[in-house]
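The block underneath contains the structure these notes are about, expressed in structure tokens.
We count ligands from 1, going down the list as the structure has it; atoms in each ligand are counted the same way.
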Amino acid sequence: MKILKFGGTSIATPERLTAVLNLINEAENDGQIAVVVSAFGGVTDQLIRMIEQAGGGEDGYSLEFSAFVNRHELMIQSLTTGPRQEILRQSIKRYTSRLSEILRGVYLVRHVAPKTYNQILSYGERLSARIITACLQERGGEAEFIDARHFVRTDDNYAAGVVDFELTTSNIQEYFQQHKCTQIITGFIAANTQHETTTLGRSGSDYTAAIFGRAVAATEIEIWTDVDGILTANPREVQEAHSIPLMTYEDAMEMSHFGAKVIFPPTIQPAMQAGIPIRIKNTFNPDFPGTLIGKEGQDMKSRITGITSMDSISLIRIQGSGMIGKTGLTGRIFMAMANSDVGVMLISLASSEHSICFAVDPHSAETAKAALEKEFQLEIQVHGIAKILIEENLCIVAVVGENMRHTPGISGKVFNALGDLGVNVVAIAQGSSERNISIVISRDDEVRVKRELHKRFFNDIQD
Ligand code: ADP
Ligand code: ASP
Ligand code: MG
């Protein structure tokens, strides 16, 4: 069986959805498939806006809600007819009425708990999957709707549930033994053991595809999006970026962790464990082969696979003469981060041990600083640690590639380019696997640095 996942942009309008329905029908002719869908393009953002407005006591949320209802009604009207249309409309109305009640509750109490927040977000995928199932039935196909919350079990982390693979896999396997026609699965959403709605994190529908793919031992997981696969850089920023035909799981993981939004990072792990290839395809250019992610990569002449970036980070710097030669400091720093739930994206430690700096999401910067001040209260008092600083408006640009290993001159080329551009490097890190060189620079320099690096690594290949 093959898993096909369609992202929001691929199903944003009735015309786009029609193209996707054709692709689904074509794939059905080649064998058994299951389909994972995102919310219609922009719908999750729309739900977030409604929550924020309702939670802030703004009446405007009801205007946004009407636009939301109309978007779904347009899909129903454009793509279904007759009694099926009416049944679908009634069923969608039950969902939207319930959503309206929940939003009203948020508006009245001026507060939204994480549990309610993610319950509201789940409506995007629940509605799109319902509508798409009906559209396929309208075309005479045998399609069934699956609410992934009945299958994918997570812990109580409502916004980024950690999946219990054992339970999830057995739920899915049991179901698929009985159901052989095309299943239309809600991406992104899951439930905890109390059957409360959780989500897998923004962009999480890719992960849903891998979770189902692994459980059914799929032959391939196809991620259908709006670009020609994984490109050497984000095509929105670097015009000359080109598609990479073959890529290893490791490089794909590295690219996505460092900002290539085209695939959600956790997606790679389950596919890699089960040895299932992932193919990234373009719904706007379906004949193009796209990128195949698997065990084999390809020998890139450029020696690097791609250039990515995380466009907004803060750097926490902890420094002081009292840190020199002290054992256990790094352990204490990162334990303090873990205990305060702060994720660390990059670490740079000078060999003089005089200062350590690490990158965090800007939203977590104050929490990180407060946690360090508490942990090192004593050292700060006796001046062993002089300062804990936050540096803002930074980004991380990463040069990624399996073939960088044992290839001299890559970092030289990177730093020459930065020097020629007159860009100040705030921090540097290289993964011990040598698959990644990351540099922290000002956000203002992000795009021009990426363009210049792309030019030097991909356009000026002399070997
Ligand atoms: P979907 O709605 O299909 O899930 P996403 O917006 O999540 O699509 O991901 C596709 C987008 O990822 C592209 O439109 C592109 O702007 C962005 N992107 C960032 N880096 C890369 C890259 N290296 N290769 C391809 N796309 C990238
Ligand atoms: N709809 C969700 C989001 O926008 C999940 C996804 O599209 O993958 O984040
Ligand atoms: Mg996506």
Side-chain angles (χ1 to χ4, degrees), residues 4-13 16-17 19-20 23 36-49 68 117-118 120-129 148 152 159-161 185-190 197-211 222-245 247 251-267 278 280-285 288 290-291 293 304-311 397-401 446-447 450 453-454 458:
L4 280 70
K5 177 261 168 180
F6 293 95
T9 38
S10 299
I11 50 174
T13 61
R16 294 304 321 146
L17 182 51
V20 164
L23 288 169
V36 174
V37 295
S38 291
F40 296 133
V43 159
T44 308
D45 288 333
Q46 203 171 23
L47 287 163
I48 291 174
R49 283 198 299 276
F68 169 90
Y117 191 105
N118 289 283
I120 294 175
L121 293 196
S122 74
Y123 279 87
E125 273 69 11
R126 286 157 69 192
L127 291 177
S128 66
V152 183
I185 305 161
T186 55
F188 179 53
I189 65 175
T197 304
T198 60
T199 61
L200 302 174
R202 288 303 306 267
S203 298
S205 298
D206 297 338
Y207 193 26
T208 308
I211 294 167
E222 290 184 356
I223 307 284
W224 287 83
T225 182
D226 61 351
V227 282
D228 279 339
I230 303 188
L231 276 66
T232 47
N234 186 350
R236 286 178 212 260
E237 293 166 341
V238 180
Q239 255 181 6
E240 308 81 52
H242 52 83
S243 176
I244 304 161
M247 190 185 266
D251 272 1
M253 220 180 282
E254 208 79 45
M255 291 274 292
S256 64
H257 269 292
F258 277 86
K261 187 182 170 234
V262 60
I263 184 155
F264 182 55
T267 311
I278 305 176
I280 318 276
K281 296 266 295 174
N282 188 353
T283 39
F284 296 85
N285 187 15
F288 190 82
T291 299
I293 305 170
I304 72 162
T305 304
I307 297 159
T308 55
S309 63
M310 287 180 173
D311 62 7
V397 172
V399 171
V400 173
E446 180 187 359
V447 175
K450 280 166 70 176
L453 289 175
H454 197 276
F458 294 103

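Among protein heavy atoms, the minimum distance from atom 6 (O) of ligand 1 is reached at Lys261 NZ, 2.9 Å. Closest protein heavy atom to atom 24 (N) of ligand 1: Leu231 N, 2.9 Å. Counting only heavy atoms of the protein, atom 27 (C) of ligand 1 lies nearest to Val262 CB, 3.8 Å.
Checked by distance only, ligand 2 and Glu125 come closer than 3.5 Å through their nitrogen or oxygen atoms. At least one N/O-N/O distance between Ser38 and ligand 2 falls below 3.5 Å. Where the criterion is an N or O separation shorter than 3.5 Å, residue side chain and backbone included, Ile230 fails it with respect to ligand 1.
The two residues Trp224 and Ser10 come nearest to each other via the heavy atoms O-OG, 3.6 Å. Of all non-hydrogen atoms in Met255 and Met247, the two that sit nearest each other are CG-CE, 4.3 Å. Of all the heavy atoms in Pro265 and Ser256, the pair that sits closest is CA-OG, 3.3 Å. Nearest heavy-atom pair across Leu121 and Glu125 is O-OE1, 4.0 Å.
Residue-ligand proximity, Ala260 to ligand 1, at heavy-atom distances under 4.0 Å covers atoms 20 (N), 23 (N). Atoms of ligand 2 lying under 4.0 Å from at least one heavy atom of Arg202, given by number and element, are 3 (C), 4 (O), 9 (O). Here is the list of ligand 2 atoms found below 4.0 Å of a heavy atom in Thr44: 1 (N), 2 (C), 3 (C), 4 (O). Here is the list of ligand 1 atoms found below 4.0 Å of a heavy atom in Asp226: 10 (C), 11 (C), 13 (C), 14 (O). The ligand atoms of ligand 2 that sit less than 4.0 angstrom from a heavy atom of Gly204 are 5 (C), 8 (O). Interface atoms of ligand 1 facing Thr225, defined by a heavy-atom separation under 4.0 Å, are 1 (P), 3 (O), 8 (O), 9 (O), 10 (C).
In this structure, Leu200 CG and Thr208 OG1 are separated by 5.0 Å, a value rounded to the nearest 0.5 Å. Atom CD1 of Ile263 is separated from atom CD1 of Ile293 by 4.5 Å, given to the nearest 0.5 angstrom. Between the CD atom in Glu222 and the CD1 atom in Ile278 there is a gap of 11.5 Å [rounded to 0.5 Å]. The CD1 atom of Ile185 lies 10.5 Å from the CG atom of Leu4; values are rounded to the nearest 0.5 Å.
Note on ligand 1: Thr308 sits outside its first shell, no heavy atom being nearer than 4.0 Å. Within the 4.0 Å heavy-atom shell around ligand 1 one finds Gly8. Ligand 2 does not have Gly187 within reach: every non-hydrogen atom of the residue lies 4.0 Å or more from it. Ligand 1 lies within reach of Ala233, whose nearest heavy atom is under 4.0 Å from it. The closest approach between any non-hydrogen atom of Gly229 and ligand 1 is below 4.0 Å.
Thr225 pairs by the side-chain hydrogen bond (donor to acceptor under 3.5 Å, both in side chains) definition with nothing, not counting sequence neighbours. The side-chain hydrogen bond (donor to acceptor under 3.5 Å, both in side chains) check on Glu237 picks up Lys450, with sequence neighbours excluded.
Taking 4.0 Å as the cut-off between side-chain N and carboxylate O, Asp206 and Lys261 do not count as a salt-bridged pair.
Residue contacts with ligand 1 for Val227 involve side-chain atoms from C-beta outward but no N, CA, C or O (heavy atoms, distance under 4.0 Å). Proximity of Lys5 to ligand 1, defined as any heavy-atom pair under 4.0 Å, is confined to the side chain (atoms from C-beta onward).
When the heavy atoms of Arg202, Glu237, Arg236 are ranked by distance to atom 16 (O) of ligand 1, first place goes to Arg236. Distances from atom 15 (C) of ligand 1 to the heavy atoms of Asn234, Val238, Thr9, Thr305 put Asn234 nearest. Counting only non-hydrogen atoms, the option in Ser205, Gly41, Gly124, Gly8 that gets closest to atom 6 (C) of ligand 2 is Ser205.
When side chains are defined from C-beta on, Tyr207 does not count as touching Val152, because their heavy atoms never get closer than 4.5 Å. Taking 4.5 Å as the limit, some side-chain heavy atom of Tyr117 sits within range of a side-chain heavy atom of Ile48.
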